[in-house]
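Keep in mind that this is a model prediction, so the values were computed, not measured. Heads up: numbering here begins at 1 and tracks the sequence.
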Amino acid sequence: MAEQEEEGDGGGGGGGEGEEKGEKQKKKKQGPQLFMWGFLPGASVERAPLLSPSLVPSPTSGDVLKDVCGGGCGFAMAISESGKLFTWGSTDDMGQSHVTSGGHVELPEQFHLPTDVPIVKAAAGWAHCASVTEKGEVHTWGWRECIPSGNTVIDSAATGAFRLEDGDGRLTCQSDEGNHRKCSTTDNCDYPQASLHASSDVSQNGAGHESKSSSIHSDVTEGSKRRRLLYTRQTQDGTDAAEEDISAPLSLVTVCLGTKVTMVATGGRHTLALSDSGQLWGWGYGGEGQLGLGSRVRSVSSPHIITCFGASSYQKQRLQACSIESSHLDEKVCTTKPYGSYIKAIACGGRHSAVITDAGTLLTFGWGLYGQCGQGSTDDKLSPTVVASLGGIPVEGVGAGLWHTVCISKDGDVYAFGGNQFGQLGIGEDQAMTLPKLLEDAILENKHVKIVSCGARHSAIVTEDGKAFSWGWNKYGQLGLGDAVDRNLPLEVPFKGYLVKNIACGWWHTLALAEHSDHK
């Protein structure tokens, strides 16, 4: 993969004005250039991390890319102007590619979907991918546990539990207290448990702070072992035992008759879908409340609507907002300001979720051990809950990582909360934050941030003037700063001669679309 070429100093010979004009027209015709950095093992012959932004050759088909999707572990995704989905990265069982979306190659190649309708949005989590067509249809593929199977979800309002029944009549019931009544095969999951639970190898310091002495690979080791064994076994003897097969074929998701989906977000093992009417749907694993259904649902195998604007819910959350962190709130917010009527943006973290309403209110739900829900505690939130301390601050964008959340306000300010073991909050220290913290570093002074994205343990933003900044975990160069040193403050990613138009973090890598600075 070729490293980013620096612009020359303009000297030397011939061609004149006509040649210069032709070159500019050529650049314009090419459209945005795709860059990547970090760890995509199949994207380089040496399988070595890319420490600086590296130019990715355009697809051989001649398609011009218009959007980047971070991708999962070891692979990346992008969408072309014509609505084609492209993937590249791992070519074997590294990361999740062999169970998530098939083999990948070194350069972007089209990932064929069973439709000719253009793709408008796509997302990839740890274990699965999802895409949205121009007609609002959703396709998803990857780990079987994450893929809707048509199972029935019954809400038992009296007990506060959900009942899931599949074709074999097996049930999975779990109350708010997390007591299983019966278990289904979905309990046999591969998602890394060590990284998402406080365990003996994770020391706690303050509000859910994990020491760096814990292994940075704790989130992949056990799952990878089982996947490699499964992959090897299937390759050698051709077996595909149903009880061990963790992958599922690409599927068309039936959300609701007449519902047009406009956006999808994928997390560790759960998915959110946003309709054109601002309704929110979810499916997959919900053991920590990341599906916002009010219960610890072990598995939801059919899209289920998530209520964010119930009258009783609003009144309760408004009172909570007035009782905690009142010094951060305008009294009028507590008494008169509604927090919205529909959802306009969504994000999924490892085991938590975040959504933004039309009024700019941020709601979070799911796992809270590191404060990633921003509620001032480390409690899980089983239903969408207003981030009270941002009252009066309209939120425009949000990103969610494995243990942290970063959002940007209408004024272009950046707020972060949650796990901070590797500086992924960008606040100059490594202490976890259970409430949103404003990033006040001088490098962002007078900068208006318009795009935010989070990887597993790193964060990236783009400003209105086309600058990119990153911070957090950097073992694989996912910050694009030319080294493998973690940062706890934002630093500018070098893009000499380019203006960054979009950025997307994968779990261990980052993608960006950038145009030549003289591109008109």
Side-chain angles (χ1 to χ4, degrees), residues 113-115 117 119-157 161-167 171-174 184 186 189 248-310 342-349 351-355 363 365-366 382-384 400:
L113 293 162
T115 178
V117 181
I119 303 299
V120 293
K121 292 290 182 181
W126 177 274
H128 65 295
C129 304
S131 65
V132 181
T133 70
E134 196 172 63
K135 290 184 177 180
E137 297 174 328
V138 177
H139 290 89
T140 185
W141 59 98
W143 284 9
R144 186 173 299 279
E145 184 182 24
C146 308
I147 309 305
S149 59
N151 293 359
T152 301
V153 180
I154 304 173
D155 183 358
S156 176
F162 281 81
R163 176 182 175 184
L164 289 78
E165 182 173 350
D166 61 19
L171 303 178
T172 300
C173 294
Q174 189 174 18
S184 71
T186 56
C189 65
L250 189 146
S251 303
L252 175 65
V253 180
T254 302
V255 177
C256 184
L257 186 64
T259 297
K260 180 180 180 180
V261 173
T262 58
M263 184 183 304
V264 286
T266 50
R269 285 183 290 161
H270 71 291
T271 305
L272 296 182
L274 180 63
S275 74
D276 58 353
S277 63
Q279 287 184 314
L280 186 64
W281 301 78
W283 63 87
Y285 177 78
E288 281 73 46
Q290 57 266 57
L291 293 179
L293 301 177
S295 297
R296 299 182 185 279
V297 188
R298 182 64 184 176
S299 179
V300 172
S301 296
S302 295
H304 195 92
I305 196 165
I306 301 171
T307 302
C308 297
F309 301 101
Y342 63 88
I343 301 300
K344 69 175 185 178
I346 58 178
C348 290
R351 293 197 182 191
H352 72 288
S353 305
V355 301
L363 293 86
F365 42 101
L382 305 184
S383 300

Hey, mind stepping through Leu250 and Thr140 against side-chain contact (heavy atoms from CB on, under 4.5 Å) and telling me if it holds? CA-CA 6 Å; Leu250 189 146; Thr140 185; over 6 Å; no

Evaluate the side-chain contact (heavy atoms from CB on, under 4.5 Å) criterion for residues Glu288 and Phe365: first the C-alpha distance (whole Å), next the side-chain angles of each, then the deciding distance (0.1 Å), finally the verdict. CA-CA 9 Å; Glu288 281 73 46; Phe365 42 101; over 6 Å; no

Could you check Val355 against Leu280 for side-chain contact (heavy atoms from CB on, under 4.5 Å), going step by step and ending with a plain yes or no? CA-CA 9 Å; Val355 301; Leu280 186 64; 3.8 Å; yes

Derivation and outcome, side-chain hydrogen bond (donor to acceptor under 3.5 Å, both in side chains), residues Ser353 and His270: CA-CA 9 Å; Ser353 305; His270 71 291; 3.0 Å; yes

Criterion side-chain contact (heavy atoms from CB on, under 4.5 Å) on Trp283 and Val253, from CA distance to verdict: CA-CA 10 Å; Trp283 63 87; Val253 180; 4.0 Å; yes

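Across all their heavy atoms, Leu291 and Ile306 have their closest contact at O-CD1, 3.0 Å. Here the closest non-hydrogen pair linking His128 and Thr271 is NE2-OG1, 2.7 Å. Here the closest heavy-atom approach between residue Ile305 and residue Trp281 is recorded as N-CE3, 3.5 Å. Across every non-hydrogen atom of Leu272 and Cys348, the tightest pair is CG-SG, 3.6 Å.
How far OG of Ser131 is from CH2 of Trp141: 4.0 Å, rounded to the nearest 0.5 Å. Rounded to the nearest 0.5 angstrom, Ile119 CD1 and Glu137 CD are separated by 9.0 Å. Taken to the nearest 0.5 Å, the NZ atom of Lys344 stands 13.5 Å off from the CD1 atom of Ile346. Rounded to the nearest 0.5 Å, atoms CG (Leu363) and SG (Cys308) are 6.0 Å apart. Trp143 CH2 to Trp126 CH2: the interatomic distance, rounded to the nearest 0.5 Å, is 7.0 Å. The distance from atom CZ of Arg351 to atom CD of Gln290, rounded to the nearest 0.5 Å, is 6.5 Å.
Counting only heavy atoms from C-beta outward, the side chains of Val120 and Thr133 never approach each other to under 4.5 Å. Contact check for Ile343 versus Phe309: side-chain heavy atoms found under the 4.5 Å cut-off.
If you check the side chains of His139 and Ser251, you find no donor sitting under 3.5 Å from an acceptor.
Qualifying side chain to side chain donor-acceptor pair (under 3.5 Å) partners for Thr115, counting only residues two or more places apart in sequence or in other chains: none. Evaluation of the side chain to side chain contact (heavy atoms under 4.5 Å, CB included) rule for Ser277 yields Ser275, Gln279 as partners, not counting sequence neighbours.
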Could you go through residues 259-267 and list every donor-acceptor pair under 3.5 Å that involves a side-chain atom there, pairing it with any protein atom two or more places apart or in another chain?
residue : atom : partner : partner atom : Å
Thr259  : OG1  : Cys256  : O            : 3.3
Thr262  : OG1  : Leu274  : O            : 3.3
Thr266  : OG1  : Ala124  : N            : 3.2
Thr266  : OG1  : Ala124  : O            : 3.4
Thr266  : OG1  : Gly125  : N            : 2.9

